[in-house]
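Written below as structure tokens is the structure these notes are about.
These numbers come from a predicted model, not from an experiment.
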Amino acid sequence: DAKNLISNLLCVNAQERLTAREALQCNWIALATDESLEKNDMGANLVQMRRFNGKRKFRAAVSSVIAINKLTNFLAFDTFQPGADLLETW
């Protein structure tokens with residue numbers, strides 16, 4: 001039910017997307033009680049979210065390094081002057 005709710009909330013087409021009222025009427029939310037929610041251990045989910053966040057930050061850092069290297073190589077290529085070595089040998 002939760003996956004279905006999230007999928008319906010993330011629809012690109014606004015006509016197909018659930019409204020807030022429709023989302024609150026979903027069984028996953030409407031039938032949830034405090035007792036049933038207290039039974040769910042969210043510790044494992046928290047660990048997975050932290051791990052995912054760490055991976056996301058690492059990927060962003062790697063992408064930044066790659067972009068900087070590409071930019072550095074591009075700028076180094078841009079300042080290259082063909083034939084400069086030939087002039088020095090004469």
Legend entry - Residue list, side-chain contact (heavy atoms from CB on, under 4.5 Å) with Leu9, at least two apart or on another chain: Leu5, Leu18, Ala23
Hey, can you pull the donor-acceptor pairs under 3.5 Å for the side chains in residues 25-34, sequence neighbours left out?
from	atom 1	to	atom 2	distance (Å)
Thr33	OG1	Ser36	N	3.2
Thr33	OG1	Ser36	OG	3.2

Legend entry - Gap separating the CZ atom of Arg50 from the NZ atom of Lys55, nearest 0.5 angstrom: 16.0 Å
Inset, instruction - State whether the side chain of Glu16 and the backbone N or O of Asn13 hold a donor-acceptor pair below 3.5 Å, judged by distance alone. - result: no
Legend entry - Arg56 versus Asn53, side-chain donor and acceptor atoms under 3.5 Å: yes
Legend entry - Met49 side, atom CE; Phe52 side, atom CZ - distance, nearest 0.5 Å: 9.0 Å
Legend entry - Side chain Asn8, main chain Asn4, donor-acceptor under 3.5 Å: yes
Inset, instruction - Determine yes or no for a side-chain-to-main-chain donor-acceptor pair under 3.5 angstrom, with Arg17 supplying the side chain and Leu10 the backbone. - result: no
